[in-house]
Amino acid sequence: MSSKFDPQKNYQQTKKQVGYMERQQTAPEDYRRIGFMSGLEVHQQLDTKEKLFCHCPSGVFHRNEAYNAEVIRHMRPAMSELGGYDGTALMEFKTRKNIIYHINNETACTYEVDDTPPFKINPEALGHALKISLLCNLNIVGEVHITRKQYLDGSIPTGFQRTAILGVNGHIQLSNKKVNLIQLSIEEDSCREIADIAHNRWYKTDRLGMPLIETVTAPELMTPNELKEAAEYIRYLNRSTGLVRTGMGAGREDVNVSCKGGSRVEIKGVAHNKWIPELSHNEVFRQWALLHIRQLLKERFQKEEWKMQFQQLDLLEYHFSYQPLLDCRKKEHQIVAINLPGCKGILSHFTQPGQMFADEISQRLKVIACIELPNLLHSEQFENIVSKNDFDKIRSKFKASETDAQFIIWGAVNDIQTAIEIIEERFKMIFDGVPNETRKSLANGTTIFERVLPGADRMYPDTDSAPIPLSDEYINTLQANLPEETYKRISLLKEWETPIDSHTFILSKNLFPVIQEIIERFQYNPKRISTIFGHTYKHIVGQYKVRSEFNYRKLIALFHFIHEQELHPNIAPYLLPILYQHPSMDFASMLTSLKFKKRSMTELIAPIDFLIEKFREIRKTDDPKDAANWIMGQLHHQAIGNIELSDLRKNVDKRVL
């Protein structure tokens, strides 16, 4: 007699069989063993006044409810010239979605809804993108050709995105290797999604058409940390130009991941670089787990032999207590049971932390069949939501064997047939390996199914746009005003002994040129100045809200004032919060607010003997170091801005110790 099947035990066993490890415990050789390979598509909005192909303002955003009109569209696939259909188009057609666009007159025009041909490309955006291309060591094209890239998820009303390759075959220099860049393109941004519920998806068009660049690396990043380093490097490079937007959504990455024997899976729209290591780690092991599932099923039967069974259930025959199932009567929804021959142990097979293979099915039902979660129950759930008696009754209807597994799905009648097709299709995909798909990132480092990966042949010429020649003279003009390469900035920060934990803040906020100018103009100690910005200023930025009058030139002006007044730069951390909150206040008034007075070393050390006597009256210990520390505390405020504190300490120690 076989022992009782335990789904939780199966989940843990398959997790172990796959060899899943926490990222912190995973070594580079572990990634080499499973063939981790990854590349990036880094999207970055450009800071321009107008959109890319029309004169609508760029960077003006609205609340979800602020719109003047709605446009509704539906996806209908068309056969290509070669007689085939794009897989993404077919998937989107199955969803029977109503794509609803909320249009605000201030930020959208007839071009956005495909009622007007494009204007000429925004020359400001083109210049910005070409400068960044040059900084990426790319070979610039001689002529810019606008093409159309199919965008079939509804996020662009036309169904395509206008894009153009500007440079090819470049590279970036990481800490331990050079990574090749395939290309950099300029393109128009897509809509912002508001909601996606059942058969309705809502977008707003304020972001639509904003100029965007896409930097594509070769798939040469072999560990999650290397992947993050490349993403950070490109982010720093883009920001070093001062030509890009910052803030939530202004920069985002598509992370392409595969393993040995797997397929390219695209984790779409990762908004935070700090998520990349965990996401890519879990994705490569998800693929490794799917390959393990394929091996298990191949040992049991051939793909051609396998056939799924399904039957509609009558609520009156069962004793269901699960509310979503009971609600089906009121909603007039169908309940269907599905038998999966030979699939016992597959549904509860580990795929990624907190997810099993059954979740792969559930996510597709949500996206393609538009059945909102929860949308299924199965025979290998950790909790017994459906009683053993009810599942036994379902098994008897199918005359199922001990090696079978079962699903219960429910939903609107029109969606159930799609759902049945999806489940059968996904199980048959197992025999072909890891399906190409795009996945949505979650903050916990896992992903969920988003859509089928678009086909390779998704680009074609845009007949509405003429080619744009790029003269050598124009390119040379752009090249004359480029910042130094990012790896040189990183090298200088190390040379200055800037604390490593401040590098990200300095580079991401593009503070390096500010720090460098202050050091070179006023001959201040590099470590001191870079630490003030990397630690003190970082804290200020996180603590207070910036005023519109504030800009980086005011930071340089502050240090110019400190130098001109012959103040010690250790007063800067006390003046910076005042400047950040009151950028229009003059510097002399800032000093007054600190009750600052100029004092010489002689004036500062004069009261030391008195303070020694004072300490003897209040002392709690006889340790001379305690006395020195207390006296420094009394003189600290007066010394700031006047002398080096270490020099004052030497004088105190000389008298006390």
Side-chain angles (χ1 to χ4, degrees), residues 39-53 58 120-147 149 161-174 178-189 209-221 230-246 250-254 256 459 462 465-490 507-508 510 512-513:
L40 288 166
E41 299 168 23
V42 181
H43 300 86
Q44 175 65 62
Q45 291 176 351
L46 299 174
D47 189 6
T48 60
K49 293 178 183 176
E50 296 182 348
K51 292 187 177 183
L52 192 57
F53 289 106
S58 183
K120 287 185 178 179
I121 194 169
N122 181 341
E124 182 189 18
L126 182 60
H128 288 2
L130 285 168
K131 281 187 176 181
I132 295 171
S133 300
L134 290 165
L135 203 54
C136 290
N137 305 295
L138 289 155
N139 298 311
I140 306 301
V141 299
E143 199 171 60
V144 178
H145 290 264
I146 312 297
T147 59
K149 184 196 292 184
Q161 175 193 61
R162 285 187 168 91
T163 179
I165 295 173
L166 300 183
V168 297
N169 300 330
H171 67 268
I172 54 174
Q173 179 64 54
L174 303 188
K178 185 182 286 186
V179 174
N180 290 306
L181 301 179
I182 296 172
Q183 66 184 48
L184 185 146
S185 305
I186 187 169
E187 54 196 31
E188 50 191 348
D189 210 342
M210 283 176 58
L212 186 79
I213 55 169
E214 180 190 54
T215 308
V216 182
T217 76
E220 298 172 349
L221 303 160
E232 292 280 63
Y233 188 98
I234 295 170
R235 176 192 183 201
Y236 301 153
L237 183 152
N238 289 338
R239 292 191 177 189
S240 73
T241 63
L243 303 175
V244 300
R245 295 189 182 277
T246 58
R252 49 200 190 271
E253 287 78 37
D254 295 343
N256 296 299
M459 294 182 69
D462 179 33
S465 303
I468 306 160
L470 299 175
S471 68
D472 291 343
E473 183 183 4
Y474 175 55
I475 298 301
N476 291 337
T477 304
L478 295 175
Q479 199 156 24
N481 297 308
L482 296 179
E484 65 271 80
E485 292 190 66
T486 300
Y487 79 90
K488 293 179 181 177
R489 291 186 169 187
I490 295 170
L507 293 167
S508 65
N510 199 25
F512 183 90

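- Residues that satisfy the salt bridge (charged side-chain N to carboxylate O under 4.0 Å, His left out) test with Asp47, not counting sequence neighbours, are Arg245.
- With sequence neighbours left out, Asn180 forms a side chain to side chain donor-acceptor pair (under 3.5 Å) with Glu220.
- Rounded to the nearest 0.5 Å, atoms NZ (Lys131) and CG (Leu243) are 5.5 Å apart.
- Glu188 contributes atom CD, which lies 8.5 Å from atom OG1 of Thr163 (distance to the nearest 0.5 angstrom).
- Here the side chains of Asp462 and Thr147 are not in contact, with every heavy-atom distance at 4.5 Å or above.
- With sequence neighbours left out, Phe512 forms a ring pair (Phe, Tyr, Trp, His ring centres under 6.0 Å) with Trp496.
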side-chain contact (heavy atoms from CB on, under 4.5 Å), that's the test. Do Thr246 and Asn510 meet it? Break it down for me. CA-CA 11 Å; Thr246 58; Asn510 199 25; over 6 Å; no

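- Annotation for Leu138 and Asn169: closest pair CD2-N, 3.8 Å, computed over non-hydrogen atoms.
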Hey, mind stepping through His43 and Asp189 against side-chain contact (heavy atoms from CB on, under 4.5 Å) and telling me if it holds? CA-CA 9 Å; His43 300 86; Asp189 210 342; over 6 Å; no

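- Taken to the nearest 0.5 Å, the CD1 atom of Ile146 stands 11.0 Å off from the CD1 atom of Ile165.
- The CD1 atom of Ile490 sits 5.5 Å away from the CG atom of Leu507 when rounded to the nearest 0.5 Å.
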Donor-acceptor pairs under 3.5 Å, side chain of residues 470-483 to any protein atom, not counting sequence neighbours: which ones?
from	atom 1	to	atom 2	distance (Å)
Ser471	OG	Tyr474	N	3.1
Asn476	ND2	Asp472	O	3.1
Thr477	OG1	Glu473	O	2.8

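- Listed by first then second residue, pairs satisfying salt bridge (charged side-chain N to carboxylate O under 4.0 Å, His left out) with a partner in residues 235-244 read Glu232-Arg235, not counting sequence neighbours.
- Judged as a salt bridge (charged side-chain N to carboxylate O under 4.0 Å, His left out), and not counting sequence neighbours, the contacts of Glu484 are Arg489.
- Remark: Ser240 engages no residue in a side chain to side chain donor-acceptor pair (under 3.5 Å) (not counting sequence neighbours).
- Residues meeting the side chain to side chain donor-acceptor pair (under 3.5 Å) test with Asp254, sequence neighbours left out: Lys268.
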Trace of the side-chain contact (heavy atoms from CB on, under 4.5 Å) decision for Ile213 with Leu166: CA-CA 10 Å; Ile213 55 169; Leu166 300 183; 5.7 Å; no

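- Side chain of Tyr487 to main chain of Ile172: no donor-acceptor pair is present (N/O by atom type, distance under 3.5 Å, no hydrogens or angles).
- Between Asn137 and Glu485 there is a side-chain heavy-atom pair separated by less than 4.5 Å.
- In terms of heavy-atom proximity, Gly39 sits nearest to Thr217 at CA-OG1, 3.5 Å.
- Of the candidates Val141, Leu184, Ile140, Leu130 forms a side chain to side chain contact (heavy atoms under 4.5 Å, CB included) with just one, namely Ile140.
- By the salt bridge (charged side-chain N to carboxylate O under 4.0 Å, His left out) test, Glu187 pairs with Lys149, sequence neighbours left out.
- Between Asn256 and Glu41, the shortest heavy-atom contact is ND2-OE2, 3.0 Å.
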Tell me, with the steps shown, if Ile121 and Phe53 meet side-chain contact (heavy atoms from CB on, under 4.5 Å). CA-CA 5 Å; Ile121 194 169; Phe53 289 106; 3.9 Å; yes

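- Partners of Lys178 under the side-chain contact (heavy atoms from CB on, under 4.5 Å) rule, at least two apart in sequence or in another chain, are His171, Gln173.
- In terms of heavy atoms, Leu174 sits closest to Ala230 at CD2-CA, 3.9 Å.
- With sequence neighbours excluded, no residue satisfies salt bridge (charged side-chain N to carboxylate O under 4.0 Å, His left out) with Glu50.
- When all heavy atoms are compared, the tightest approach of Ala164 to Val144 is CB-CG1, 3.6 Å.
- Pairing each heavy atom of Cys136 with each of Leu237, the nearest pair is SG-CD2, 3.7 Å.
- With values rounded to the nearest 0.5 angstrom, Glu214 atom CD is found 11.0 Å from Leu40 atom CG.
- Residues passing the side-chain contact (heavy atoms from CB on, under 4.5 Å) test with Pro467 are Glu143, His145, sequence neighbours excluded.
- With rounding to the nearest 0.5 Å, the separation of CG in Leu52 from CZ in Arg162 is 10.0 Å.
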